[in-house]
There are 2 protein chains.
Amino acid sequence: MADPMYRVIAEDLQNQIEARMLPAGAQLPTELELRDRYDASRNTVRDAIKWLITRGLVETRPGQGTFVVEKIVPFVTTLTGTPETSSGEGRTYKDEVSALFRQPSATAPRVEIQEASDAVAELGIGADQQVVSRHQERSIDGTPWSLQTSFYPMALVLRGATRLIQAGDITEGTVAYLEETLGIKQVGYQDTIMVRAPHGSESRFFRLPGDGRISVIEVRRTAFDEQGAPVRLTISVYPADRNLFAVNVGQVPESIAAPPSAVLAEPAADSDQSFAAGGAGPAPRQE
Amino acid sequence: MADPMYRVIAEDLQNQIEARMLPAGAQLPTELELRDRYDASRNTVRDAIKWLITRGLVETRPGQGTFVVEKIVPFVTTLTGTPETSSGEGRTYKDEVSALFRQPSATAPRVEIQEASDAVAELGIGADQQVVSRHQERSIDGTPWSLQTSFYPMALVLRGATRLIQAGDITEGTVAYLEETLGIKQVGYQDTIMVRAPHGSESRFFRLPGDGRISVIEVRRTAFDEQGAPVRLTISVYPADRNLFAVNVGQVPESIAAPPSAVLAEPAADSDQSFAAGGAGPAPRQE
DNA sequence: AACGATTTGTTCGTATGTATC
DNA sequence: TGATACATACGAACAAATCGT
């Protein structure tokens with residue numbers, strides 16, 4: 001009784017969706033039809049639809065209609081290191097996604113040299129110095145899935161890691177490349193995870209409603225070498241409605257840590273593994 | 001030019017806020033004043049304010065006005081185990097919060113016995129069996145900060161852990177209690193992290209706008225014993241606008257892993273540490 | 001305790017713009 | 001090109017919460 005009408009309408013539609021009376025992919029009645037059916041105004045119906053969008057139940061397509069979202073299979077990103085494979089190394093991004101029988105794709109890295117801003121303070125670099133940024137867009141099954149930007153101190157390039165400033169993939173991965181070229185070994189990292197409204201460019205890439213109703217997850221990975229100096233900052237942005245993260249600590253049964261229904265993609269540097277195998281990785285796994 | 005008017009208004013107000021022309025805590029002009037100032041309708045002004053709410057810049061208080069939010073100091077929750085303290089053990093929730101010079105508080109656990117539902121499938125328990133749930137509300141400096149519910153298989157109570165079904169704190173923590181009483185040692189856990197719109201009760205406790213514009217973060221921690229059997233499922237819910245999570249893997253400099261400006265509160269069982277010290281915890285830390 | 005003034009919340013009706021088919 | 005459907009915008013009215021008198 002106390003509930004405003006737009007929520008009454010929204011909850012009624014939600015029940016119909018969850019009872020499969022409105023199956024996944026189905027089109028909802030138009031706003032004008034709903035207005036008549038609930039004897040409300042079109043604006044009130046639209047408020048109800050916004051409420052459903054926020055909960056990820058429907059999506060609107062201008063000129064077409066409002067549709068029940070297809071059941072999204074969340075993509076699981078494990079933040080604490082991939083399990084050993086037969087080669088003893090972590091798998092690449094594409095291998096990990098393919099293991100789930102899903103089709104990954106990624107643009108070639110776009111490379112820029114920028115002034116260090118506050119946003120890359122984790123690299124411990126002064127404001128007048130420069131950083132290399134390598135930016136990549138990733139999709140799964142044709143759906144845009146994440147935006148990723150890695151920052152490296154420009155000093156690494158001057159010391160000889162010149163391929164960092166070349167566009168295009170570094171097939172062995174930048175972590176391995178830095179170890180081969182400069183002997184810099186990545187021994188650990190810290191991820192920080194936060195939720196915020198999407199920027200305009202993120203809304204466009206992920207095709208999210210422009211009013212910020214669906215938020216994004218930002219994961220900032222700061223990687224350290226043996227001296228404890230930060231060597232890389234990777235910022236990954238994921239739409240919150242189709243992603244899920246996992247963290248394993250201590251002994252976790254293998255069937256849980258790497259379930260066949262999930263996939264383990266780290267916010268790796270470029271397209272390769274982000275962590276030096278054999279280093280001080282995650283705790284040993286029980287067998 | 002292409003931007004709709006409500007976003008033009010919102011971005012203008014955003015600039016004023018970020019330039020401190022509208023300092024934290026200040027009241028914005030009323031909707032009617034803004035309507036006159038921007039020569040728009042009140043509804044359009046209200047759309048602009050909703051856009052600012054979604055970005056966490058302002059809040060509305062019915063009957064009072066719209067205010068610039070005070071700078072929120074995010075509370076950092078570290079998911080990969082607390083650093084060793086002098087005693088060699090993790091700290092309790094209250095100790096960890098106090099270490100940041102902030103005032104923690106928590107309600108006494110509310111204990112219930114429930115049928116196992118789909119929501120606790122991680123415990124690997126059939127639908128007709130029973131679980132113990134222990135629910136707690138936590139606040140910091142008087143601000144509601146998290147809701148936490150731990151589930152234990154009822155079998156543990158039958159085997160002698162009778163204090164699980166008593167309301168009130170288990171001061172040494174349920175993890176230590178289970179090890180003392182039944183010899184069950186927690187050796188690892190998996191956290192899964194997801195973002196969703198808040199339920200009604202969560203909106204009320206966290207005082208979030210009722211339309212789900214601010215989302216919550218749900219962390220599900222499944223803890224395992226030495227046999228790889230799940231012994232506990234803890235579901236923690238945090239409002240996304242004042243929380244931040246950290247994950248440390250491998251060697252991370254101490255100043256980063258445990259910065260003085262952050263605090264390390266795990267989604268522990270009840271109010272005590274969640275992880276058996278000396279077990280297969282996170283990798284050793286560099287000095 | 002009661003009341004009035006102020007401010008945000010909800011709902012309505014209408015009109016026009018823009019994307020899609 | 002026209003028809004359909006969602007997006008934005010306007011103006012108006014009343015409800016509900018808050019605060020001071």
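The sequence lines fix the lettering, A, B, ..., with proteins before strands; numbering per chain opens at 1.
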When you check the side-chain N and O atoms of [X] and [Y], is any donor under 3.5 Å from an acceptor?
X	Y	result
A:Tyr38	A:Asp12	yes
A:Gln136	A:Arg138	yes
B:Thr192	B:Arg220	no
A:Glu11	A:Asn15	no

Length of the [atom1]-[atom2] vector between [X] and [N], whole Å:
X	N	atom1	atom2	result
A:Asp39	C:dC12	CG	C1'	11 Å
A:Asp36	C:dC12	CG	C1'	14 Å
B:Arg207	D:dA17	CZ	P	16 Å
A:Phe67	C:dA19	CZ	P	17 Å
B:Asp3	D:dA7	CG	P	16 Å
A:Asn43	C:dT10	CG	P	14 Å
B:Tyr38	D:dC10	OH	P	14 Å

Is the distance between the ring centroids of A:Phe245 and B:Phe245 under 6.0 Å?
no
Identify each atom pair where a protein N or O and an N or O of nucleotides 2-8 of chain C are less than 3.5 Å apart, giving names and distance.
residue, atom, partner, partner atom, Å
C:dT8, OP1, B:Thr66, N, 3.3
C:dT8, OP1, B:Thr66, OG1, 3.4
C:dT8, OP2, B:Glu31, N, 3.1

Chi angles and distances behind the side-chain hydrogen bond (donor to acceptor under 3.5 Å, both in side chains) call for B:Ser236, B:Gln148
CA-CA 4 Å; B:Ser236 305; B:Gln148 208 162 42; 2.8 Å; yes
State which of D:dT8, C:dC12, D:dC10 makes the closest approach to the side chain of B:Pro4.
D:dT8
Any B:Tyr6 side-chain N or O less than 4.0 Å from OP1/OP2 of D:dT8:
yes
